[in-house]
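This report concerns only the one structure given below.
In each ligand, atom 1 is the first atom listed, and ligand 1 is the first ligand listed. Every heavy atom of this structure was used, including side-chain atoms; hydrogens, water molecules and symmetry mates were not.
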Amino acid sequence: MTSVISPPRTIRIGTRKSQLALVQTYWVQEQLQKNFPGISFEVHTMSTQGDKILDVALAKIGDKGLFTKELELGMINQEIDFAVHSLKDLPTRLPEGLVLAAITERENPADAMVVHEKHKDKQIDTLPEGAVIGTSSLRRLAQLRHHFPHLQFKDVRGNLNTRMAKLDAGEYDALILAVAGLERLEMGSRIHQVLPKEISLHAVGQGALGIECRADDTEVISILKAIEHPHTRDRCLAERSFLRELEGGCQVPIGVNTELNDNSLTLTGIVISVDGQKLAKDTVTGVASSAEQLGSYLAQRLRQQGAQEILDEIFTQIQRGS
Ligand SMILES: NCc1[nH]cc(CCC(=O)O)c1CC(=O)O
């Protein structure tokens with residue numbers, strides 16, 4: 001009797017080299033290894049454009065796949081089998097031949113304020129006039145300017161340790177960062193205030209991981225489904241559909257919030273001008289099974305409230321390099 005046993009497959013995981021990307025990828029590897037002890041999962045690191053260009057404000061270079069393109073080429077060229085991304089860095093339209101196979105359980109998606117020691121008795125609404133807030137996100141900048149026009153804003157780049165060092169050296173009075181990134185890098189103790197959704201709506205997909213693979217790799221797709229978190233997926237699909245419909249990337253002032261109770265999904269979205277003066281904001285509710293329709297419906301409603309004009313103005317400003 002002959003038995004045909006196919007050799008155990010080695011699955012290659014692609015990731016950026018940043019500390020956060022590695023922590024996230026090793027977590028995915030560990031979860032998969034627990035579920036599939038017979039398969040070996042190997043981590044392959046790659047540097048992306050976003051890791052190389054460190055001295056230009058993100059808003060000016062745009063973000064269309066800045067952190068994902070090299071990994072996507074790696075999948076198309078069969079060098080890696082899937083890639084782990086911070087979902088918020090993954091464009092809403094994927095290249096031909098690739099799919100978003102799974103979305104993992106989300107950390108707290110909110111933004112957080114980290115402060116210089118001298119402000120340890122302050123909150124965002126009690127910081128003194130002219131306090132310098134570090135952020136490289138137009139979304140955070142615009143929403144904070146709207147609520148706190150007396151604060152100043154300054155771009156900040158570099159990895160989390162670099163940013164914290166600049167804050168502690170007094171270059172900034174406070175930084176606004178994702179709760180999720182701080183928690184994952186074990187800097188949660190530095191979170192001074194979690195910003196409520198009334199002040200800052202978070203980025204689409206913030207706090208969740210998105211796993212992308214080749215559309216025709218049914219084996220990898222079914223393996224990845226084991227670590228999908230359906231509750232997070234429903235919320236994030238609504239958020240991504242909202243953003244896709246507005247044709248915005250991560251670096252446009254678009255924020256969201258989602259709540260999912262039983263089968264009822266509530267999605268709030270904002271489109272806001274960079275000066276914080278003009279905004280369109282609304283909330284819609286529907287069934288979770290129609291998450292994507294809900295997202296595009298909210299986008300249409302915001303368009304009726306002037307969202308497109310706000311976005312067009314921003315694209316012109318960015319192109320002019322102002
Ligand atoms: N754009 C950078 C980025 N991509 C993912 C995270 C944090 C983790 C997450 O939001 O999932 C961050 C840093 C930040 O926004 O503070």
Where on H202 is there a heavy atom closer than 4.0 Å to ligand 1, on the side chain, on the backbone, on both, or on neither? neither

Could you check whether E79 pairs with R12 (Lys NZ or Arg NE/NH1/NH2 to Asp/Glu carboxylate O, under 4.0 Å)? no

Taking heavy atoms and a distance under 4.0 Å, where does L20 meet ligand 1: side chain, backbone, both or neither? side chain

In a check of side chain to side chain contact (heavy atoms under 4.5 Å, CB included) between T15 and each of V43, I80, V23, which one passes? V43

Heavy-atom distances under 4.0 Å decide this one: backbone, side chain, both or neither, for K88 against ligand 1? side chain

Give yes or no for whether the N/O distance cutoff of 3.5 Å, strictly under, is met between G207 and ligand 1. yes

So if I apply the side chain to side chain contact (heavy atoms under 4.5 Å, CB included) rule between L267 and each of L260, V284, T283, which one comes out positive? V284

Which atoms from ligand 1 have a heavy atom of L177 less than 4.0 Å away? 16 (O)

Checking side chain to side chain contact (heavy atoms under 4.5 Å, CB included) against V115, which of E117, M113, K118 comes through? M113

Output the distance between atom CD1 (I39) and atom CD (E219), rounded to the nearest 0.5 Å. 6.0 Å

At their closest point, which heavy atom of R235 faces which heavy atom of L265, and how far apart are they? CG-CD1, 4.0 Å

Short version for D89: what comes under 4.0 Å of ligand 1, heavy atoms counted, is side chain

Lys/Arg-Asp/Glu bridge criterion (N-O < 4.0 Å) met for D168, R190: yes

Ranking R163, R157, Q206 by closest non-hydrogen atom to atom 10 (O) of ligand 1, top hit is Q206

Can R139 be said to touch ligand 1, with heavy atoms closer than 4.0 Å? no

Give the atom numbers and elements of ligand 1 that come within less than 4.0 Å of a heavy atom of A178. 7 (C), 10 (O), 14 (C), 15 (O), 16 (O)

